[in-house]
Every structure is written in structure tokens, then in C-alpha cells.
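The block underneath contains the structure these notes are about, expressed in C-alpha cells.
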Amino acid sequence: MQPSILQQDFYAQPALVVARELLGAVLVSRLDCGEVMRARIVQTEAYHQHDRACHAFGGRKTKRNAVLFEAGGVAYVYFVYGMHWMFNVVTGDCGTAEAVLIRAVVPVDGATTIARNRGFTSANPAPAVPERWLDGPAKLAQGLGLSGRHNGLVLDGSAAVWLQVGAPVADDRVRTGPRIGVDYAGADALLPWRFWLA
DNA sequence: CGAAAGATTAGCT
DNA sequence: GCTAATCTTTCGA
């Protein structure tokens with residue numbers, strides 16, 4: 001195992017800590033054919049079973065959210081709106097549901113493959129700046145080829161997806177605010193659990 | 001078994 | 001700013 005790959009001791013931390021620390025880290029996806037794509041994380045959101053926006057609110061375990069209750073260090077990938085995959089990393093201890101949603105990344109390696117995955121063509125041109133290629137949770141899952149078959153995979157470098165340590169990010173470059181698309185969570189929708197790079 | 005809603009996006013007004 | 005697209009999961013009867 002390479003030392004730069006984030007391991008279980010990192011993911012065992014609370015989701016709020018991991019969400020902050022993942023800014024600047026590198027998300028890596030490897031296809032069966034061996035092609036590798038890398039992208040730098042610039043926006044995350046934390047979820048915890050104490051909060052109404054979490055799929056496992058109140059500790060409610062279902063078939064879909066079961067991996068949230070595993071020990072930190074596995075992927076939680078689910079399908080929404082009939083068309084989009086969302087990629088999360090599970091954090092914390094076994095038995096408690098916590099996770100961090102990766103909301104936006106910037107391509108580092110594998111731009112050709114990413115462009116193909118995103119379906120860029122002359123009729124559907126790639127954005128001029130790379131920052132716009134994967135600037136949403138569904139876009140980055142599509143671009144990096146992440147989907148339901150990644151659900152539950154360990155992130156230690158032995159499977160098709162993992163994360164690497166990135167350049168340190170100073171606190172003065174970190175912004176926080178309410179999470180996106182969770183209005184149904186009432187007061188919990190106002191929690192400043194979204195983190196992004198200025 | 002039926003129904004509703006969803007951690008979004010793209011395209012149009 | 002508004003809404004269609006699209007379908008799995010979850011919940012109520």
C-alpha cells in the first residue's frame with residue numbers, strides 16, 4: 001500500500017472532521033481496463049444519523065443505507081431522481097451512520113476518459129475551464145465512472161476507487177455553509193455542514 | 001400494492 | 001427562476 005492513500009484511521013474520524021480534511025484530497029477511480037482518473041476535491045458535505053437530512057436519520061437502517069453503518073473507510077453510492085449517482089465516503093465507527101458526500105472536484109489526470117464519460121461532443125461541448133467539468137455530485141460520479149457497483153467498496157487502495165492525500169489546505173481558504181437540496185430536513189437544513197475551497 | 005419523494009441537472013422563459 | 005426527466009426506495013393502507 002502506498003503511504004499517500006488515505007486509510008481507515010482517517011475515515012474513523014467524525015464526518016464533520018473528514019469533510020473538512022478532504023478538501024484538497026484527490027479522488028481516484030480506476031477502470032477495469034486499467035485507466036486511472038484523478039480529481040481534486042473542492043466541495044464536500046457531512047451527514048450524520050442525528051440529522052434529519054441523513055438517509056439513516058434516527059439510526060433507521062434499510063437495504064439502501066446499510067453501508068452507512070459500517071466502520072469508516074468504505075464507499076456509499078446511491079441512486080436518486082431516477083438518473084443520478086451520488087458518491088459518499090463512510091466515516092466514524094461501526095454501528096453509527098455517518099458519511100461525507102463529495103459534491104465537486106477538479107480533474108487532475110485522465111481528462112480524455114472523463115470527457116468521454118461526461119459525453120462531451122461538438123453538440124455538447126466541454127466547459128472551457130476544468131473547474132466546471134465535475135462541479136456537482138452527479139457530474140463527478142458520471143465523469144469518474146462511479147456508480148452502484150462501487151457501493152460498499154473499501155477505500156484502502158485494493159478496489160476500483162480510493163482517495164489520496166493532497167496539498168494541505170489552510171483554514172482561511174475554507175468556506176462553510178448550509179447543505180444543498182435538503183430543505184425537507186427542516187431546521188437541520190440550516191446546519192453549516194457544507195465545506196468548499198474559496 | 002399504490003404512491004410519493006428524492007443529498008440533481010440541463011434547458012428554457 | 002421554473003420544470004421536466006426518470007426510477008428506485010420507502011412508507012402507508
Side-chain angles (χ1 to χ4, degrees), chain A residues 11 14-20 22-23 27 39 41-70 72 74-92 96-107 114-153 155 161 163 175-197:
Chain A
Y11 298 108
L16 276 168
V17 173
V18 173
R20 158 64 179 88
L22 279 183
L23 293 176
L27 176 58
I41 296 173
V42 296
Q43 188 172 163
T44 62
E45 281 178 358
Y47 289 84
H48 190 285
Q49 66 179 46
H50 296 337
D51 107 69
R52 290 198 110 79
C54 182
H55 289 161
F57 174 63
R60 192 183 89 260
K61 193 171 184 176
T62 66
K63 185 176 177 183
R64 177 178 71 161
N65 71 22
V67 308
L68 281 175
F69 292 84
E70 293 185 22
V74 300
Y76 171 49
V77 190
Y78 66 91
F79 193 60
V80 275
Y81 297 120
M83 58 188 88
H84 299 308
W85 292 101
M86 302 283 125
F87 179 83
N88 304 246
V89 299
V90 175
T91 69
T96 302
E98 287 186 70
V100 173
L101 170 69
I102 311 300
R103 280 197 68 86
V105 300
V106 179
I114 293 170
R116 187 182 69 223
N117 289 341
R118 290 279 288 121
F120 295 144
T121 63
S122 54
N124 174 33
V129 291
E131 286 77 12
R132 286 280 113 71
W133 281 30
L134 304 171
D135 62 346
K139 296 181 201 177
L140 75 88
Q142 182 194 40
L144 298 177
L146 302 169
S147 67
R149 65 185 202 290
H150 294 84
N151 192 41
L153 291 185
L155 299 170
V161 61
L163 290 91
R175 301 287 180 272
T176 64
R179 294 168 296 178
I180 301 291
V182 294
D183 291 347
Y184 59 86
D188 290 340
L190 301 176
L191 294 169
W193 285 7
R194 182 162 59 105
F195 299 77
W196 69 94
L197 271 180

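Numbers restart at 1 for each chain; the letters A, B, ... are given by sequence-line order, proteins then strands. Keep in mind that this is a model prediction, so the values were computed, not measured.
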Query raised in the report: Can you check whether H84(A) has a side-chain N or O nearer than 4.0 Å to OP1 or OP2 of dA7(B)?
Result: no
Requested in this report: Measure from the side-chain heavy atoms of N88(A) and tell me the nearest of dT6(C), dA7(B), dA10(B).
Outcome: dA7(B)
Query raised in the report: Within the side chain of R118(A), is there an N or O that forms a donor-acceptor pair under 3.5 Å with the backbone of W133(A)?
Result: yes
Query raised in the report: Can you find a donor-acceptor N/O pair under 3.5 angstrom joining the side chain of Y78(A) to the base of dA7(B)?
Result: yes
**Report entry** Side-chain donor or acceptor of N65(A) paired with backbone N/O of R60(A) under 3.5 Å
**Finding:** yes
Query raised in the report: What does M86(A) touch in the nucleic acid at a heavy-atom separation under 4.0 angstrom: a base, only the sugar-phosphate, or nothing?
Result: sugar-phosphate
Requested in this report: For H48(A) and dA7(B), give me the distance from atom NE2 to atom P, rounded to whole Å.
Outcome: 18 Å
Query - Over all atoms of both residues, closest heavy-atom pair of A19(A) and E45(A) - result: CB-C, 4.5 Å
Requested in this report: Send over the distance from W85(A) CH2 to dT9(B) P, rounded to a whole Å.
Outcome: 15 Å
Query raised in the report: Is it true that a side-chain atom of N151(A) and a backbone atom of G148(A) form a donor plus acceptor pair closer than 3.5 Å?
Result: no
Query - Spacing of R179(A) atom CZ relative to dG6(B) atom C1', expressed in whole Å - result: 15 Å
Report summary line: To the nearest angstrom, the CZ-P distance between R52(A) and dA5(B) comes to 16 Å
Query raised in the report: Closest to the R118(A) side chain: dA10(B), dA7(B), dT9(B)?
Result: dA10(B)
Requested in this report: Could you tell me whether R116(A) atom CZ has more than 12 heavy atoms of other residues or ligands within 6.0 Å of it?
Outcome: yes
Query - Rounded distance (Å) that lies between atom C1' of dT10(C) and atom CG of L68(A) - result: 15 Å
**Report entry** Pairwise P distance, dA5(B) and dT3(C) [rounded to whole Å]
**Finding:** 15 Å
Report task. Please report, rounded to the nearest Å, how far the C1' atom of dA7(B) is from the CG atom of D188(A). Result -> 14 Å
Query - Earlier contact from the 5' end, DNA chain B, for Y184(A) and N124(A) - result: Y184(A)
Query raised in the report: Rounding to the closest angstrom, what is the interatomic distance between dA4(B) and dA4(C) at atom P?
Result: 16 Å
Requested in this report: Remember a base hit wins even if backbone is also touched, and classify A138(A) as base, sugar-phosphate or nothing at under 4.0 Å, heavy atoms.
Outcome: sugar-phosphate
Query raised in the report: Any donor-acceptor pair under 3.5 Å linking the side chain of Y47(A) with the backbone of V100(A)?
Result: no
**Report entry** R20(A) charged N/C atom sitting above F195(A) aromatic ring, 6.0 Å / 45°
**Finding:** no
Query raised in the report: Which value, in whole Å, describes the distance between the P atoms of nucleotides dG2(B) and dT6(C)?
Result: 23 Å
Query raised in the report: Name the one of L27(A), V161(A), V90(A) that satisfies side-chain contact (heavy atoms from CB on, under 4.5 Å) with L155(A)?
Result: V161(A)
**Report entry** Residue F79(A), side-chain atoms from C-beta onward, closest of dA7(B), dT8(C), dT6(C)
**Finding:** dT8(C)
Query - Within residues 56-66 of chain A, residues whose heavy atoms come under 4.0 Å of DNA chain B - result: none
Query raised in the report: Roughly, in whole Å, what's the span from OH in Y81(A) to P in dT6(C)?
Result: 16 Å
Query raised in the report: With respect to the phosphate group of dT8(B), does any side-chain polar atom (N or O) of R103(A) fall under 4.0 Å of OP1 or OP2?
Result: yes
Report summary line: Re dC12(B): Watson-Crick or G-U wobble partner, both distances kept under 3.5 Å, found to be dG1(C)
Query raised in the report: Atom CG of D183(A) to atom C1' of dG6(B): distance rounded to whole Å?
Result: 12 Å
**Report entry** Ring-on-base stacking dA7(B) with Y47(A) (under 5.5 Å, under 30°)
**Finding:** yes
Report summary line: dT6(C) -> Watson-Crick or G-U wobble partner, both distances under 3.5 Å, gives none
